[in-house]
Amino acid sequence: MVGCVSLVRAVPKQHIRNVWEARKVPTEFELLDKEDPFSYYRGKSEKFANMTPEDRVAKLIRIGFPIAVTSGLIALYYWREEVQKRVPPLAPHEHTQTNWSGTRAVSTKRFFQPETLEELESLVAHAHRSGSRLRPVGAGLSPNGLAFDKDGMVSLAHLDKVLSIDPANRRITVQAGARVTQVLEALRGHGLTLQNLASINEQHMGGFVQVSAHGTGAGLPPVDEQVVAMKLVTPALGTLSLSADSADPADRALFRLARVGLGSLGV
Ligand SMILES: Cc1cc2nc3c(=O)[nH]c(=O)nc-3n(C[C@H](O)[C@H](O)[C@H](O)COP(=O)(O)OP(=O)(O)OC[C@H]3O[C@@H](n4cnc5c(N)ncnc54)[C@H](O)[C@@H]3O)c2cc1C
């Protein structure tokens, strides 16, 4: 703005007048009251009032459409900025994750550890929108490094709470990042334990279930068989509450599949 003002002042007045007169001035300009600085706009508004309704609509579209598009783009830009802010920043250095036996390793800058369900949802939604890969990782015990992905990983190490225990129905609700050992500790106080266990108890409950760990008892069902309900944060469908008791057969089928998804259907 300051630049414009000083540019006008730098041009000789005579020059401005020449340019002004050389312009093809619209008819209503000739009717202007030179003393009244607003007469030009009044002329415009009278011209608009005399237009046919069709011409008025066409004119409004001609003016309004670019304004609407520009406003929409600005709103979209700020909305994306806002969404970006809700995604935790990348690690300043590459995070290296190694499996328990040290046979597999991966390094990535996109290693996320959300602390709330909302953070996890926002992260998964962001990965979906931006088309970036995000693989859930548990305790990294799998000998084949199944959960490792240099393009991005999400660990639920901070979502590790035992939420409730219902001794009467022998049910426990835990966050997927809770380790098996924590769950056993919480159950012990109620004289309960898990039906099937492996020879090591460091797994996240999420990883333990998602690989359908066979545990140790040949006559016992794999651990996913003990799951009666689960919450799954998916990329495209948001957060799903799935359960064995669902009235909808399609939901029950999805529940069975999602229990052993190897981290590919959601977190
Ligand atoms: C020394 C040792 C002894 C073992 N003994 C036994 C045994 O006796 N019996 C047995 O059955 N197994 C055994 N295992 C295997 C072990 O139980 C599995 O590798 C383990 O269950 C994987 O759990 P994790 O948390 O380490 O998952 P990870 O290895 O980190 O991940 C495994 C899979 O689960 C997915 N995943 C992890 N967390 C989530 C989540 N929150 N949401 C969605 N997907 C997720 C990952 O994407 C990946 O596909 C043993 C492993 C070791 C190292």
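Read the numbers this way: they start at 1 and go in the same order the structure lists the ligands and their atoms.
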Against heavy atoms of [X], which atoms of ligand 1 measure under 4.0 Å?
{"X": "A176", "value": "41 (N)"}
{"X": "V137", "value": "30 (O), 37 (C), 38 (N)"}
{"X": "H204", "value": "25 (O)"}
{"X": "A213", "value": "11 (O)"}
{"X": "G266", "value": "43 (C)"}
{"X": "F208", "value": "21 (O), 23 (O)"}
{"X": "L146", "value": "33 (C), 48 (C), 49 (O)"}

In terms of residue, atom name and distance, what is the protein heavy atom nearest to [atom]?
{"atom": "atom 8 (O) of ligand 1", "answer": "S199 N, 3.0 Å"}
{"atom": "atom 16 (C) of ligand 1", "answer": "Q203 NE2, 3.8 Å"}
{"atom": "atom 2 (C) of ligand 1", "answer": "I200 CG2, 3.6 Å"}
{"atom": "atom 13 (C) of ligand 1", "answer": "A198 CB, 3.9 Å"}
{"atom": "atom 31 (O) of ligand 1", "answer": "A147 CB, 3.6 Å"}
{"atom": "atom 33 (C) of ligand 1", "answer": "V211 CG1, 3.5 Å"}
{"atom": "atom 46 (C) of ligand 1", "answer": "P136 O, 3.1 Å"}
{"atom": "atom 29 (O) of ligand 1", "answer": "S142 OG, 2.6 Å"}

| task | Decide whether the shortest distance between a heavy atom of S155 and an atom of ligand 1 is less than 4.0 Å. | result | no

Does an N or O from [X], backbone or side chain, lie closer than 3.5 Å to an N or O of ligand 1?
{"X": "W100", "answer": "no"}
{"X": "T216", "answer": "no"}
{"X": "G140", "answer": "yes"}
{"X": "G215", "answer": "yes"}
{"X": "V267", "answer": "no"}
{"X": "G138", "answer": "yes"}
{"X": "G206", "answer": "no"}
{"X": "L262", "answer": "yes"}

If you compare all heavy atoms of [X] against all heavy atoms of [Y], which two are closest, and at what distance to 0.1 Å?
{"X": "R252", "Y": "A244", "answer": "CD-O, 3.2 Å"}
{"X": "P143", "Y": "N99", "answer": "O-ND2, 3.1 Å"}
{"X": "S155", "Y": "F111", "answer": "CB-CZ, 3.7 Å"}

| Do side-chain atoms of D166 reach the backbone of R171 as a donor and acceptor pair under 3.5 angstrom? | no

| Sub-3.5 Å donor-acceptor pair from the side chain of E121 to the main-chain atoms of T234, do we have one? | no

Would you kindly confirm whether [X] and [Y] end up in one hydrophobic cluster when ILVMFWY residues are joined by side chain heavy atoms under 4.5 Å apart?
{"X": "L265", "Y": "L120", "value": "no"}
{"X": "L184", "Y": "V174", "value": "yes"}
{"X": "L194", "Y": "V162", "value": "yes"}

| said: Please determine whether side chain to side chain contact (heavy atoms under 4.5 Å, CB included) holds for the pair L240 and L254, giving the CA-CA distance in whole Å, both sets of side-chain angles, and the decisive distance to 0.1 Å. | reply: CA-CA 10 Å; L240 303 178; L254 183 57; 4.0 Å; yes

Taking the side chain as everything from C-beta on, heavy atoms only, tell me whether [X] gets closer than 4.5 Å to [Y].
{"X": "H190", "Y": "R170", "result": "no"}
{"X": "L156", "Y": "P114", "result": "yes"}
{"X": "M153", "Y": "V106", "result": "yes"}
{"X": "T193", "Y": "R188", "result": "no"}

| message | Salt bridge or not between R133 and D151? Use side-chain N to carboxylate O under 4.0 Å. | response | yes

| message | Taking 4.0 Å as the limit for heavy-atom contacts, which would you say applies to E202 with ligand 1: side chain only, backbone only, both, or neither? | response | neither

| From G207, A139, G217 - option closest to atom 38 (N) of ligand 1 by heavy atom | G207

| F48 ring centre to R56 NZ or CZ under 6.0 Å, with the angle to the axis within 45°? | yes

